[in-house]
Structure formats: structure tokens, C-alpha cells
S.K.: 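Here it is: the structure, laid out below.
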Amino acid sequence: MSGWPAGYDRRVYDTLDSTLAEAARLQHELTAPTWILALEQTAARGRRGRNWSTPRGNFAGTLIMPRREAPGVAALRSFVTSLALYRSFVAVTGREDAFALKWPNDVLLKGGKVAGILLESVGDHLAIGIGVNLAHAPSAGALEERALPAVTLREAGAQVAPEDFLDVLAQEYAGLEEQFTTYGFAPIRSAWLAHAARLGEVITARTMRDETVGVFEDVDATGNLILRTSGGPVPITAADVFF
Ligand SMILES: O=C(O)CCCC[C@@H]1SC[C@@H]2NC(=O)N[C@@H]21
């Protein structure tokens, strides 16, 4: 797949503090959904207030678009995005078996984290921040306790420049975005579940307040993780998942 999807703009920067921060600064002047790519970020953010490191060679991008739906529906684009990443990774590596999706929105390569996604509301826009370890990954010492190891896409045999990866991702995303706006979450959910890591296995979901251990049974129609526990199914809206 090559080319650039119709209806999307793009801006490429050498260095930014954060593509999410740039999306917030640009929101009022954009006239179309826009991909913002930075070849280096100096103050990138990850989920739950964590830092995210983006040395040169890795992919750091944000897609900003007008938010037309209720926040909960718009947030389902985290699944659209992780599925687009999955398909992009398969496209550039030819390795269908090596990748899996971890709820809510990480992409795994051979069990290690290769990409992360952070959604933010920016006024009446949605900003989808995406970081991919194309060439570099943080060492085990830089990660939190129990976090999955970080791996690079090179470990799947692919050497891809960030600009080239953007072309692939933007096309994959555009196709899935159209599917999402036309048919809703159902087909995205099915496709996502087909590549889910640890479906049917016991996993742990940890929030600031508590921890739930149960069998990963499903992702429901609103994107909740469903864990089967001895007390019945428990829907989880937001949590960190540990295997
Ligand atoms: O914690 C995670 O897993 C999500 C990481 C998201 C990082 C990306 S890199 C591009 C965009 N800009 C940021 O500051 N963060 C996101």
C-alpha cells in the first residue's frame, strides 16, 4: 500500500516537544484531519502521566480530527488506531503471526510492547498520539515494575523510516476510519478481538484504586474489558493490564 489518503493533511517537523502539544496549538487553523509527524520529540507524554522517549529513528505522530461524536464513541478510535497499527506492521514486515493487541491500545511484538497510543480531547477535536519503537526501545531499567519489555520493529526484520511508516499507517487508518464511521464499532471490535493478546487467559487489570484478576472474556460494545471473575463478569473501563 502506498500513496496518501484523500482528505487528510500532513505536517512533518524535525523536532517538537510533543506532537500532541503541537496538535493542541494547531487545532484552530486546521481544515482537514491532519497527521503531525516529528522526527524527534523532547517532551513526549505517555499514558497516565508517564514520559515517552522518542529518539530519532522512532515514529512519533498525532492525528488530529474534529470530534463529531460523544466522547465515549470518539474514544473507540483507540481500537481503530491499534488495529491500523497492527495492519501496518503486518504490511511492512510480512509477519502476520508476530503481532498482537493488548487492551486498551498497545501493540505487541513477540510479547513485548512495540507501540503505544494516547488519546486526548483538544477543544472540539480528538488527538490520537502514536509512538512506535521503529528503531530504538527503552531498556528494562527504564520501565515500570511488571511492565512488558519494550521491543523494536527491527526485531521483526523491518527497517522503516518514520516518514515511510506514516504513509502506510495513514492509509491503513483511513480505511478503518471509514469503516468505523459507516458501520460503527462492531466490525472494528471483531477484527480487534481476532488479534487480541491473552484472550481466554487470566490477566490482571489495575486501576489507581484496585486490582481485578479474571479471565479475559471479551471487549464489549462500548470498549470495556470484560473479565470473568468468581463473582461474575466485571466490566473495566480504564486500567493498566498485566499478564
Ligand atoms: O503510554 C503509552 O503507551 C502511549 C504513548 C504515546 C506516545 C506518543 S508519541 C506521539 C504522541 N506525542 C506524545 O507526546 N505522545 C504520543
Side-chain angles (χ1 to χ4, degrees), residues 10-27 30 33-65 75 77-86 88-89 99-109 111-122 125-140 142-153 160-163 165-166 168-170 173 192 197 205-208 223 225 238-243:
R10 106 178 93 177
R11 298 191 182 204
V12 178
Y13 299 77
D14 185 66
T15 304
L16 279 177
D17 48 356
S18 151
T19 56
L20 281 166
E22 181 67 2
R25 290 188 289 264
L26 289 178
Q27 58 174 302
L30 299 175
T34 301
W35 283 94
I36 298 166
L37 178 73
L39 303 182
E40 179 189 46
Q41 292 182 121
T42 54
R45 42 196 192 242
R47 292 180 68 222
R48 298 180 181 274
R50 297 177 187 117
N51 295 327
W52 181 268
S53 130
T54 310
R56 278 177 194 278
N58 279 1
F59 176 88
T62 288
L63 172 61
I64 177 164
M65 60 172 77
R77 287 194 173 75
S78 67
F79 294 92
V80 177
T81 307
S82 53
L83 194 55
L85 279 170
Y86 174 91
S88 302
F89 292 154
F99 299 95
L101 299 172
K102 175 171 177 269
W103 187 92
N105 49 25
D106 289 336
V107 187
L108 308 184
L109 163 61
K113 176 163 167 164
V114 68
I117 297 166
L118 177 61
L119 260 63
E120 292 185 350
S121 263
V122 176
H125 285 67
L126 177 71
I128 307 172
I130 302 164
V132 180
N133 300 329
L134 290 178
H136 312 282
S139 62
L143 301 173
E144 285 180 4
E145 206 189 329
R146 285 185 73 188
L148 290 175
V151 297
T152 73
L153 199 65
V160 195
E163 300 94 320
F165 186 74
L166 176 61
V168 179
L169 178 61
Y173 183 90
W192 192 97
R206 190 191 293 163
T207 66
M208 300 292 229
L225 171 70
D240 279 327
V241 163
F242 297 94
F243 296 154

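This is a predicted model, so every value here is computed, not measured. Whatever order the structure lists ligands and atoms in, that order sets their numbers, starting from 1.
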S.K.: Which protein heavy atom lies closest to atom 15 (N) of ligand 1, and at what distance to 0.1 Å?
M.R.: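 Answer, as residue, atom name and distance: Arg45 O, 2.7 Å.
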S.K.: Give me the residue, atom name and distance of the protein heavy atom closest to atom 3 (O) of ligand 1.
M.R.: Lys113 NZ, 2.5 Å
S.K.: Strictly under 4.0 Å, does any heavy atom of Gln41 approach an atom of ligand 1?
M.R.: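 Contact check Gln41 vs ligand 1: positive.
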S.K.: Any salt bridge linking Lys102 with Asp240? Criterion: basic side-chain nitrogen under 4.0 Å from a carboxylate oxygen.
M.R.: no
S.K.: Got the closest protein heavy atom to atom 5 (C) of ligand 1, with its distance?
M.R.: Trp52 CE3, 3.3 Å
S.K.: Is it true that a side-chain atom of Asn58 and a backbone atom of Leu134 form a donor plus acceptor pair closer than 3.5 Å?
M.R.: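 Confirmed, Asn58 side chain pairs with Leu134 backbone.
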S.K.: Taking N or O atoms only and a 3.5 Å limit, does Thr19 qualify as a polar contact for ligand 1?
M.R.: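 Yes, there is a polar N/O contact under 3.5 Å.
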S.K.: With heavy atoms only and a cut-off of under 4.0 Å, state how Arg50 meets ligand 1: side chain, backbone, both or neither.
M.R.: neither
S.K.: Ligand 1 and Thr54, any nitrogen or oxygen pair closer than 3.5 angstrom?
M.R.: no
S.K.: Check for me whether Arg48 has a heavy atom closer than 4.0 Å to any atom of ligand 1.
M.R.: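 No, that is not the case, since the closest heavy atom of the residue is not under 4.0 Å from the ligand.
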S.K.: Suppose we measure from atom 1 (O) of ligand 1 to each protein heavy atom; which comes out shortest, and what is that distance?
M.R.: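 Nearest protein contact, heavy atoms only, for atom 1 (O) of ligand 1 is Arg47 N, 2.7 Å.
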S.K.: Within the side chain of Asp17, is there an N or O that forms a donor-acceptor pair under 3.5 Å with the backbone of Ala43?
M.R.: no
S.K.: Without swapping roles, check the side chain of Trp103 against the backbone of Gly223 for a donor-acceptor pair under 3.5 Å.
M.R.: yes
S.K.: Do the charged groups of Arg11 and Glu22 touch, with an N to O distance under 4.0 Å?
M.R.: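 Judged by the 4.0 Å cut-off on N to carboxylate O distance, Arg11 and Glu22 do not form a salt bridge.
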S.K.: With side-chain contact (heavy atoms from CB on, under 4.5 Å) as the test, would you mind laying out the steps for Ile117 and Leu85 before giving the verdict?
M.R.: CA-CA 10 Å; Ile117 297 166; Leu85 279 170; 3.8 Å; yes
S.K.: Give the intermediate values and the outcome of side-chain contact (heavy atoms from CB on, under 4.5 Å) for residues Trp52 and Leu118.
M.R.: CA-CA 11 Å; Trp52 181 268; Leu118 177 61; over 6 Å; no
S.K.: Any side-chain heavy atom of Phe165 sitting closer than 4.5 Å to one from Ile130?
M.R.: no
S.K.: Distance under 4.0 Å to a non-hydrogen atom of Ser18: what atoms of ligand 1 satisfy this?
M.R.: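 Ligand 1 atoms under the 4.0 Å threshold to Ser18: 12 (N), 13 (C), 14 (O).
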S.K.: Counting only heavy atoms, which portion of Asn105 has something under 4.0 Å from ligand 1: side chain, backbone, both, or neither?
M.R.: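 It is neither part, as no heavy atom is under 4.0 Å.
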S.K.: Does ligand 1 have a heavy atom under 4.0 Å from the side chain of Ile117, from its backbone, from both, or from neither?
M.R.: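 The answer is the backbone.
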